[in-house]
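Side chains are part of it too, since the values below use all heavy atoms of this structure and drop only hydrogens, waters and symmetry mates.
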Amino acid sequence: MDIKAYIESGILELYVAGKLSEEENQEIYKLLLQHPELLQEVLEIENAVVKLTAAVSPSSKGFENLKDKIGNTDTKVVQLQPKSTNWMSYSGWAASVVLAAGLFWTLNQKSELKQTIQTVGLENRYLETQIEDTKTDLAATKNLLDVIRDKDIIAVPLGGQGDFTSSFAKVYWNKSKNTIYLDAEGLPEAPEGKVWQVWSLTLNPLSPTSLGTIDDFNTDDNKIFTIANANESQAFGITLEPKGGSKTPTMEQLHTLGVVASDPS
């Protein structure tokens with residue numbers, strides 16, 4: 001639809017003046033619902049009519065000025081018959097104003113409803129994501145419980161050392177799968193430029209083997225880490241090292257240490 005040509009056709013002026021048939025009014029009403037530009041044009045026409053009406057209202061002062069200019073000579077006064085008021089036109093304008101107000105209210109309600117639907121949709125998607133995350137977390141928790149309850153798991157408590165007696169951790173070692181599960185909840189966050197490094201130790205002679213650094217320690221929520229370990233470990237230790245890790249442990253930064261219990265058999 002050519003909106004500009006439709007506006008220039010003058011049909012909206014006739015609509016405002018109430019000069020159209022009921023069928024034509026219904027058609028324009030539908031178009032106003034579909035095209036905000038047409039609705040705006042109708043409002044501007046009505047505003048122009050109101051201003052024009054106010055501008056041409058008779059003024060007693062203006063009439064007196066006119067008498068002064070004519071003078072005080074005898075003037076024949078011709079009584080003019082009042083022109084009948086076109087109440088249909090005024091009714092059309094009033095109906096248009098009511099219609100416009102109704103249309104604005106309807107459009108506003110529609111916009112608010114659309115916004116509400118979008119908000120509810122976003123909240124539902126967020127809730128669905130939370131539910132999926134919860135399911136994933138529950139599955140991971142169940143898997144971890146199954147791991148640490150395995151009859152072949154060796155639990156090794158790691159106690160605080162030296163100046164770090166408040167630190168602690170625990171290793172769950174599955175020798176058959178060459179894997180340890182480190183619960184490092186008892187360690188503080190690594191300072192800037194530092195990283196936690198895990199070690200496998202043999203005691204006689206003391207020989208440390210790095211099991212790697214925990215680079216995401218500070219951002220991990222549950223502080224449980226799965227680490228590969230194919231060593232015949234007799235103990236496990238955790239030190240605080242420069243970012244990137246060290247070849248050998250910094251003993252002054254040994255926070256936790258735990259010895260694997262001897263096999264009673």
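Between E192 and K243 no salt bridge is recorded (no basic side-chain N to carboxylate O distance below 4.0 Å).
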Quiz item: Is there a side-chain contact (heavy atoms from CB on, under 4.5 Å) between Y15 and L32 once you walk through the steps?
Solution: CA-CA 11 Å; Y15 174 77; L32 294 180; 4.1 Å; yes
Quiz prompt | Intermediate values then yes/no, side-chain contact (heavy atoms from CB on, under 4.5 Å), V260 and F236 | solution = CA-CA 8 Å; V260 179; F236 295 97; 3.8 Å; yes
Exercise. For I11 and Y6, run side-chain contact (heavy atoms from CB on, under 4.5 Å): C-alpha distance rounded to whole Å, both residues' side-chain angles, the deciding distance at 0.1 Å, then the answer.
Key: CA-CA 8 Å; I11 192 170; Y6 191 83; 3.7 Å; yes
Self-check item: Test side-chain contact (heavy atoms from CB on, under 4.5 Å) applied to K170 and F168, step by step
Solution: CA-CA 7 Å; K170 197 167 190 177; F168 63 92; over 6 Å; no
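P205 is linked by a side chain to side chain contact (heavy atoms under 4.5 Å, CB included) to S207, counting only residues two or more places apart in sequence or in another chain. With sequence neighbours left out, the side chain to side chain contact (heavy atoms under 4.5 Å, CB included) criterion links E41 to I7, L12, E44, I45. Checked against side chain to side chain contact (heavy atoms under 4.5 Å, CB included), A228 has no partners two or more places apart in sequence or in another chain.
Tracing side-chain contacts under 4.5 Å through hydrophobic residues (I, L, V, M, F, W, Y), one reaches L182 starting from I154; they form part of the same cluster. Hydrophobic clustering of Ile, Leu, Val, Met, Phe, Trp and Tyr side chains at less than 4.5 Å, counting indirect connections, keeps F225 apart from I153. No single ILVMFWY cluster, assembled from side-chain heavy atoms under 4.5 Å apart, contains both L203 and L158. Linking Ile, Leu, Val, Met, Phe, Trp and Tyr whenever their side-chain heavy atoms come within less than 4.5 Å puts I3 and L31 in one cluster. L14 and L38 end up in the same hydrophobic cluster when Ile, Leu, Val, Met, Phe, Trp and Tyr side chains are linked at under 4.5 Å.
In this structure a side-chain-to-backbone donor-acceptor pair under 3.5 Å is missing from Q253 to E241. For the pair S210 (side chain) and G212 (backbone), a donor-acceptor distance under 3.5 Å is present. N222 places a side-chain N or O within 3.5 Å of a backbone atom of I224 that can act as its donor or acceptor partner.
Remark: Q161 CD to L257 CG distance equals 4.5 Å, nearest 0.5 Å. To the nearest 0.5 angstrom, E27 atom CD is 11.0 Å from E22 atom CD. With rounding to the nearest 0.5 Å, the separation of CD in E189 from OG1 in T219 is 9.0 Å. Between the CG atom of L20 and the CD atom of E13 there is a distance of 10.5 Å, given to the nearest 0.5 Å. In this structure, the separation between CD on E8 and NZ on K4 is 5.5 Å, given to the nearest 0.5 Å. The distance from the CG atom of L201 to the CH2 atom of W199 is 9.0 Å, given to the nearest 0.5 Å.
V198 pairs in a side chain to side chain contact (heavy atoms under 4.5 Å, CB included) with only one of the listed residues (V171, I227, T213), which is I227.
Considering all non-hydrogen atoms of both residues, A190 and K194 come closest at CB-O, 3.6 Å. Contact between L187 and H255 at its shortest, heavy atoms only, is CD2-CB, 4.3 Å. Across every non-hydrogen atom of W196 and P188, the tightest pair is NE1-O, 3.0 Å.
For the pair N229/N178, no side-chain contact is recorded, criterion being any heavy-atom separation below 4.5 Å from C-beta on. In this structure, the side chains of V195 and D215 come closer than 4.5 Å at one or more pairs of heavy atoms. Using a 4.5 Å heavy-atom cutoff, the side chains of I214 and D220 are not in contact. Between N231 and L211 the shortest side-chain heavy-atom distance falls below 4.5 Å.
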